[in-house]
Amino acid sequence: MKELTVDLGQRAYPIHVGEGALALLGEELKRLKATRVLLVTNSTVGPLYERAALQSICKAQPDLPVAVVTLPDGECFKDLHHIEKILSAAVDAGLDRKSYIVALGGGVIGDMAGFAASMWMRGIDFIQVPTTLLAQVDSSVGGKTGVNLPAGKNLIGAFHQPRSVIADTTVLKTLPQREISAGVAEIIKYGMLGDAEFFAYLEENMAALCALDADVVATVVARCCEMKKEIVREDERESGVRAKLNLGHTFGHAIEKLTGYSTWLHGEAVAAGCVMAAMLSEELGYLSEEDVARVKALFEAAGLPTCISGLSMDAAMKAMASDKKSVAGVTRFVLMKKIGTSFVQEAPRDKIESVMIRSGWY
Ligand SMILES: NC(=O)c1ccc[n+]([C@@H]2O[C@H](COP(=O)([O-])OP(=O)(O)OC[C@H]3O[C@@H](n4cnc5c(N)ncnc54)[C@H](O)[C@@H]3O)[C@@H](O)[C@H]2O)c1
């Protein structure tokens with residue numbers, strides 16, 4: 001078991017990573033002096049892991065009142081209506097200001113449970129128990145919470161840091177292979193944006209990672225959490241360096257938007273977006289052709305898409321200009337000087353178009 005700390009002064013919190021970490025949940029709630037608990041999960045994860053979560057709580061504090069709310073499974077339910085469901089469950093469970101919400105699930109449940117916690121009685125504490133690879137390496141750490149609006153993804157939300165993150169790597173065994181690959185996309189992104197050695201490690205160990213080799217998974221999840229916690233410590237509210245975590249996301253969000261958030265998983269769009277960001281870095285004279293080939297090969301080794309078909313370049317340009325990360329309609333990209341060294345910059349339209357044509361957009 002590895003324990004890292006997200007160092008945010010008085011709001012510092014631990015990340016527990018390893019096999020069997022879920023058993024720590026009860027002790028964490030005891031340490032944090034929770035008065036009541038509302039466990040938020042979904043109809044897929046609940047039947048798999050709710051029991052183990054409840055057993056851990058009961059073992060540590062048999063008398064602690066615990067209620068469970070189970071949401072339907074899917075990004076399409078990440079909306080205000082389902083936040084209201086969580087808040088109604090909080091009313092029924094009698095949560096007070098010292099109560100805890102526990103998010104047991106992937107990024108969708110983590111974002112929603114965290115957002116509900118940020119609102120209940122103007123903000124109570126919560127614990128993240130991420131159960132997807134993507135949530136373990138990315139969404140559970142850093143305090144971004146929120147839901148979608150019909151007008152766009154994650155348009156409303158709050159920065160609300162968890163008090164603890166419990167990433168049990170054994171739960172990944174029930175994750176569909178496509179979801180594992182989607183998580184691997186965010187993992188490769190970390191190597192590209194900030195750690196060339198880690199990128200090389202992934203090149204050597206990709207097959208083992210995709211097969212969920214226990215040692216490789218533990219190493220990788222811990223390394224990504226380490227990188228994310230450092231970035232969050234430096235720039236909690238994304239006014240600077242945290243923007244690097246959006247590597248591949250500008251193109252990726254355009255892919256997701258144009259395909260109605262239903263055909264591509266987020267991680268798949270990020271994979272194609274990262275390859276495009278590498279190509280753009282090459283077009284601008286930073287990255288070598290060999291490095292672009294390495295990036296593409298690594299995503300392909302993880303079974304991820306690296307090009308596009310049937311999507312309109314003009315529509316993507318509009319989507320990118322209206323992306324919530326754009327400021328006054330100007331799109332900025334995370335680019336690489338070399339693998340492991342990234343920065344944020346605008347790019348000329350002709351270079352963006354050239355990359356899009358190379359990637360298969362029409
Ligand atoms: N807050 C952040 O910083 C941040 C960062 C990245 C992504 N996100 C958000 O995260 C969401 C995507 O998260 P995700 O990829 O985890 O998707 P998800 O939460 O939809 O989970 C993917 C699927 O896997 C299932 N699942 C989860 N754990 C499982 C397990 N152990 N075994 C079997 N099935 C399991 C889920 O029920 C779901 O069907 C998006 O809404 C995105 O906006 C947030």
Side-chain angles (χ1 to χ4, degrees), residues 6 21-22 40-50 52-53 70-79 82-83 103-115 117-118 126 128-149 152-162 165-187 189-190 212 217 221 224-225 228-229 231-232 235-238 242-243 245-249 252-253 256-257 261-262 264-271 273 304 324-325:
V6 183
L22 181 53
V40 182
T41 188
N42 75 17
S43 53
T44 304
V45 179
L48 292 168
Y49 302 111
E50 178 187 314
T70 305
L71 303 179
D73 183 5
E75 180 76 35
C76 57
F77 302 111
K78 187 179 157 181
D79 58 16
H82 289 86
I83 288 293
L104 177 70
V108 168
I109 287 296
D111 280 10
M112 291 178 73
F115 189 36
S118 81
F126 80 113
Q128 288 272 19
V129 185
T131 61
T132 63
L133 188 55
L134 182 140
Q136 294 193 353
V137 299
D138 193 357
S139 62
S140 63
V141 176
K144 279 193 187 175
T145 71
V147 295
N148 306 326
L149 283 181
K153 260 194 86 174
N154 297 327
L155 278 184
I156 35 176
F159 283 100
H160 191 58
Q161 298 289 345
V165 179
I166 297 172
D168 186 338
T169 49
T170 43
V171 306
L172 302 176
K173 287 186 182 139
T174 50
L175 206 54
Q177 192 61 46
R178 195 175 163 203
E179 296 289 348
I180 293 171
S181 293
V184 171
E186 300 280 3
I187 291 167
K189 178 197 79 176
Y190 280 101
L212 295 181
V217 171
V221 173
C224 293
C225 287
K228 181 141 188 194
K229 85 182 178 64
I231 291 174
V232 169
D235 177 24
E236 188 182 356
R237 298 262 166 162
E238 198 170 312
R242 188 163 179 173
L245 291 169
N246 299 324
L247 174 61
H249 284 59
H253 283 157
E256 286 184 277
K257 189 164 189 183
Y261 300 100
S262 55
W264 292 63
L265 293 180
H266 175 70
E268 292 168 342
V270 167
L304 286 158
K324 77 177 192 303
K325 312 271 177 194

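Order of listing sets the numbers, starting from 1, for every ligand and every atom in it.
- Considering only non-hydrogen atoms, atom 30 (C) of ligand 1 lies nearest to T174 out of T41, T145, T174.
- Looking only at side-chain heavy atoms (C-beta outward), K144 and E238 come within less than 4.5 Å of each other.
- Scanning all protein heavy atoms for the shortest distance to atom 16 (O) of ligand 1 gives T132 OG1, 2.6 Å.
- Looking at V147, D138, N246, it is D138 that brings a heavy atom closest to atom 6 (C) of ligand 1.
- Across all non-hydrogen atoms, the minimal contact from A113 to A103 is CB-CB, 3.5 Å.
- In terms of protein heavy-atom proximity, atom 38 (C) of ligand 1 is closest to D73 OD1, 3.3 Å.
- Here the closest non-hydrogen pair linking G110 and F126 is O-CE1, 4.3 Å.
- Side-chain contact between E179 and L134 is absent, with no heavy atoms from C-beta onward closer than 4.5 Å.
- For ligand 1, the atoms lying closer than 4.0 Å to a non-hydrogen atom of T44 are 34 (N), 37 (O).
- The heavy atom nearest to atom 43 (O) of ligand 1, out of those in E75, K78, H266, is found in K78.
- In this structure, L175 and I180 approach most closely via the heavy-atom pair O-CD1, 3.7 Å.
- Closest heavy-atom contact between V141 and C225: CG2-SG, 4.2 Å.
- Counting heavy atoms closer than 4.0 Å to ligand 1, residue K144 contributes atoms from both its backbone and its side chain.
- Between atom 9 (C) of ligand 1 and the options L175, D111, L48, the minimum heavy-atom separation is to D111.
- No N or O atom of L172 sits closer than 3.5 Å to an N or O atom of ligand 1.
- The side-chain hydrogen bond (donor to acceptor under 3.5 Å, both in side chains) test with T44 is passed by exactly one of T131, D73, T174: D73.
- Atom 7 (C) of ligand 1 has as its closest protein heavy atom L134 CD2, 3.7 Å.
- Smallest separation of non-hydrogen atoms from A271 and L304: CB-CB, 3.7 Å.
- Per-residue contacts place E179 under 4.0 angstrom from the following atoms of ligand 1 (heavy atoms of the residue considered): 22 (C), 23 (C).
- With a 4.0 Å heavy-atom cut-off, ligand 1 is reached by the side chain of K228 but not by its N, CA, C or O.
- Ligand 1 has an N or O atom lying under 3.5 Å from an N or O atom of N42, backbone or side chain.
- When only interatomic distances are considered, the shortest N/O to N/O separation between V171 and ligand 1 falls below 3.5 Å.
- Annotation: atom 18 (P) of ligand 1 to nearest protein heavy atom, V108 CG2, 3.9 Å.
- If you look at N154 next to ligand 1, the close heavy atoms, those under 4.0 Å, all belong to the side chain.
- Within the 4.0 Å heavy-atom criterion, both parts of T131, backbone and side chain, lie near ligand 1.
- Here the shortest heavy-atom pairing between H82 and L71 reads O-CD2, 4.2 Å.
- The single protein non-hydrogen atom nearest to atom 14 (P) of ligand 1 is G107 N, 3.6 Å, given as residue, atom name and distance.
- Within the 4.0 Å heavy-atom shell around ligand 1 one does not find R242.
- Considering only non-hydrogen protein atoms, atom 5 (C) of ligand 1 sits nearest to S139 CB, 3.4 Å.
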